Amino acid sequence: MEHTPAPYGPRAVYGYAMYIGSNMLFLLYAIWAIIPDEVLHDYLGLKYWPSKYWAIAIPIWALTALATFAFLIYPSINMLITPDIDDIRTITDKYTLPKAETVPGGIPAVSDIPITEVCRKLYLRKNNS
């Protein structure tokens, strides 16, 4: 079978099952976190549940780990794999299209502008004296 993001029968069934399952787990979590232990013991007959501390601690730890990854680890990894500013790979790569000659008055071909020409146009001033 071809790998495609388009919906098809089994993927729709699995997606619906995961949707229902995640909603049921969240409902159980909310019931466990909100309803007092006495109600769970007396009316439902459930004798052991984890401490209510974990109802708050696990989401906070997960969000702290996510924030640490998002604001420290992920940018650090990107900085490690980025070439230095004076590295030639920041200017050219294997997909660079050299500038080709065109017919005078014609439309120029698609190409990359050399960095020297860009700097000349942007930063050098013509002396009018």
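This is a predicted model, so every value here is computed, not measured.
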Please report, to 0.1 Å, the donor-acceptor pairs under 3.5 Å made by any side chain of residues 54-81, with sequence neighbours excluded.
| residue | atom | partner | partner atom | Å |
| --- | --- | --- | --- | --- |
| T64 | OG1 | I60 | O | 2.8 |
| T68 | OG1 | T64 | O | 2.8 |
| S76 | OG | L72 | O | 2.5 |

Subject >> Side-chain heavy atoms of E38 within contact of Y43, under 4.5 Å >> reply: no
May I ask you to check whether over 12 heavy atoms, not counting those of [X], lie within 6.0 Å of atom [atom1]?
X	atom1	value
I107	CD1	no
K99	NZ	no
E101	CD	no

Residues clustered with [X], ILVMFWY side-chain links under 4.5 angstrom:
X	result
Y123	I113, V118, L122
Y48	none
L28	none

**OP:** Keeping the roles fixed (side chain from D93, backbone from Y95), state whether a donor-acceptor pair exists under 3.5 Å.
**Re:** yes
When you group the ILVMFWY residues by side-chain heavy-atom contacts below 4.5 Å and let the links chain together, are [Y] and [X] in the same group?
X	Y	answer
L46	M24	no
L40	F26	yes
W49	Y53	yes

Subject >> Set of residues satisfying salt bridge (Lys or Arg N to Asp or Glu O under 4.0 Å) with respect to D112, sequence neighbours excluded >> reply: none
Original post:
In chain order, what residues pass the salt bridge (Lys or Arg N to Asp or Glu O under 4.0 Å) check against D42, with sequence neighbours excluded?
Top reply: none
Original post:
Any idea which heavy atoms bring P108 and T102 closest together, and the distance?
Top reply: CA-CG2, 3.3 Å
Original post:
What's the spacing between I35 CD1 and H41 NE2 if we round to 0.5 Å?
Top reply: 12.0 Å
